[in-house]
Number of protein chains: 2
Amino acid sequence: MLDVAERLVQVRGFNGFSYADIARELGITKASLHYHFPGKAELGEALIHRYAARFGEALTEIDRDIAGPRAKLDAYVAIYSNVLSEGRMCLCGILAAEYATLPDPMREAVTRFFAANETWLAAVLSEGQADGSLAIRGSLVDASEMILSGLEGAMLISRTSDEPARFSTAAQGLLDTLTP
Amino acid sequence: MLDVAERLVQVRGFNGFSYADIARELGITKASLHYHFPGKAELGEALIHRYAARFGEALTEIDRDIAGPRAKLDAYVAIYSNVLSEGRMCLCGILAAEYATLPDPMREAVTRFFAANETWLAAVLSEGQADGSLAIRGSLVDASEMILSGLEGAMLISRTSDEPARFSTAAQGLLDTLTP
DNA sequence: GTCTATAGGCAGATAGAC
DNA sequence: GTCTATCTGCCTATAGAC
């Protein structure tokens with residue numbers, strides 16, 4: 001159920017799907033869905049928490065399995081690429097667009113997701129700066145924000161285009177600006 | 001009426017407002033709105049066309065009044081900053097997030113808007129490359145896509161944060177990557 | 001151009017049986 | 001946990017008077 005809802009949000013947005021859509025795909029009724037999540041707000045919160053947790057695990061795996069700041073950044077971009085390959089937007093990216101219409105708990109969860117990503121990015125950039133493999137102009141925080149923004153924006157725009165490679169070229173161009 | 005609708009879309013998204021919202025703000029009835037635009041799809045199309053036309057004029061003014069590629073890019077970023085200062089997202093940026101739910105004519109208009117922006121950006125970058133004031137890695141098209149994506153993404157993310165300066169620092173960082 | 005009135009449908013949500 | 005049945009409210013949209 002969360003899988004179906006997640007996909008619907010990532011493709012159509014939080015205001016672009018209904019309980020009826022989920023119910024139809026699962027072959028159950030809307031009423032059954034309300035048993036698991038009393039309201040759409042609670043469902044939304046659960047979706048973000050699960051997504052953020054999974055994302056956090058992926059970042060931990062990168063830290064554990066991949067050596068070298070640039071390789072870590074490439075792996076980070078690969079996470080986004082995988083999401084996009086299914087026609088999906090980043091869950092929190094699409095929720096950011098609908099931010100003004102979201103209930104408070106969802107807003108806070110979205111904000112936390114971005115903050116966590118920037119913290120991780122800043123650590124990788126710091127590592128790259130220390131070993132000389134990356135050249136960062138300005139502060140680490142600003143550079144992290146720029147990368148996160150650039151990737152979210154590239155996902156957003158590339159979904160309006162019919163060129164699937166578009167995201168990858170934009171993302172690579174972004175990372176290449178960090179090459180000494 | 002278009003002004004009110006435009007603001008509602010930019011703040012809440014196309015699926016996040018209704019005819020009733022516009023009617024309430026204008027002090028008229030929903031039925032009156034249908035006289036001007038038979039359906040929401042037609043209203044949406046009109047909004048994009050007007051927005052794109054206004055944007056195109058702003059780009060023409062930049063070309064006419066501002067000398068130097070970097071100064072032109074700064075002026076380009078300033079357009080985005082002004083939009084964001086009112087808590088709004090770029091109209092086509094927020095529509096890109098809802099792309100899967102949009103009627104075909106709106107999709108095409110959004111796609112054209114981005115293409116026009118990239119064409120303009122590529123011309124400015126080309127000028128900067130020719131006079132040596134900008135250093136572009138990779139193709140002009142790729143660099144243009146990166147800038148457009150970066151700005152749209154920075155708008156998207158900065159609206160989830162309470163730091164108003166966030167967009168500007170990300171945008172400046174993006175442009176600074178083009179400094180020789 | 002704007003109104004009243006209303007249609008028809010779908011939204012999120014609840015009660016209560018099984 | 002899932003169902004049927006139902007509610008209330010809002011959605012887009014239309015007909016027809018002024």
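Lettering of chains follows the sequences in order, A, B, ..., and the numbering in each one begins at 1.
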Legend entry - Near-strand residues of residues 30-44 of chain B, defined as heavy-atom separation under 4.0 angstrom from DNA chain C: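 Result for residues 30-44 of chain B: Ala31(B), Ser32(B), Tyr35(B), His36(B), sorted by number.
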
Inset, instruction - Enumerate the residues from residues 17-29 of chain A whose closest heavy atom to DNA chain C is under 4.0 Å, giving them by residue number; use none for an empty result. - result: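 Here the set is Phe17(A), Ser18(A), Tyr19(A), Ala20(A).
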
Inset, instruction - Flag yes if Ile157(A) and Val11(A) sit in one hydrophobic cluster, no otherwise; membership is Ile, Leu, Val, Met, Phe, Trp, Tyr, and two members link when side-chain heavy atoms are under 4.5 Å apart. - result: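 No: no chain of side-chain contacts under 4.5 Å links Ile157(A) to Val11(A).
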
[X]/[Y] ion pair, N-O < 4.0 Å:
X: Asp3(B); Y: Arg50(B); answer: yes
X: Asp176(A); Y: Arg70(A); answer: yes
X: Arg7(A); Y: Glu25(A); answer: yes

Inset, instruction - Among Val83(B), Leu95(B), Leu2(B), find the residue that satisfies the side chain to side chain contact (heavy atoms under 4.5 Å, CB included) test when tested with Tyr51(B). - result: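 In the set Val83(B), Leu95(B), Leu2(B), the residue that makes a side chain to side chain contact (heavy atoms under 4.5 Å, CB included) with Tyr51(B) is Val83(B).
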
Determine all donor-acceptor pairs shorter than 3.5 Å in which one atom belongs to a side chain in residues 54-62 of chain A; sequence neighbours excluded.
from, atom 1, to, atom 2, distance (Å)
Arg54(A), NH2, Glu6(A), OE1, 3.4
Arg54(A), NH2, Glu6(A), OE2, 2.9
Thr60(A), OG1, Gly56(A), O, 3.0

Inset, instruction - Start with the C-alpha distance between Ser161(A) and Ser158(A), add both sets of side-chain angles, then the distance that settles side chain to side chain donor-acceptor pair (under 3.5 Å), and finish with yes or no. - result: CA-CA 5 Å; Ser161(A) 152; Ser158(A) 71; over 6 Å; no

Legend entry - Pairing residues for Glu98(B) by the salt bridge (charged side-chain N to carboxylate O under 4.0 Å, His left out) criterion, not counting sequence neighbours: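 Expected list: none.
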
Inset, instruction - With a 4.0 angstrom cut-off to heavy atoms of chain A, pull out the first and last contacting nucleotide of DNA chain C, in 5'-to-3' order. - result: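 Extent of the interface on DNA chain C: dA11(C) to dA15(C).
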
Mind listing the side-chain donor-acceptor pairs of residues 36-48 of chain B below 3.5 Å, one per line with the distance, residues two or more places apart or on another chain?
from, atom 1, to, atom 2, distance (Å)
Lys40(B), NZ, Phe14(B), O, 2.8
Lys40(B), NZ, Phe17(B), O, 2.9
Glu42(B), OE1, Gly39(B), N, 3.0

Inset, instruction - Check the pair Thr111(B), Tyr99(B) against side chain to side chain donor-acceptor pair (under 3.5 Å), reporting the backbone distance first and the verdict last. - result: CA-CA 10 Å; Thr111(B) 303; Tyr99(B) 199 73; 3.2 Å; yes

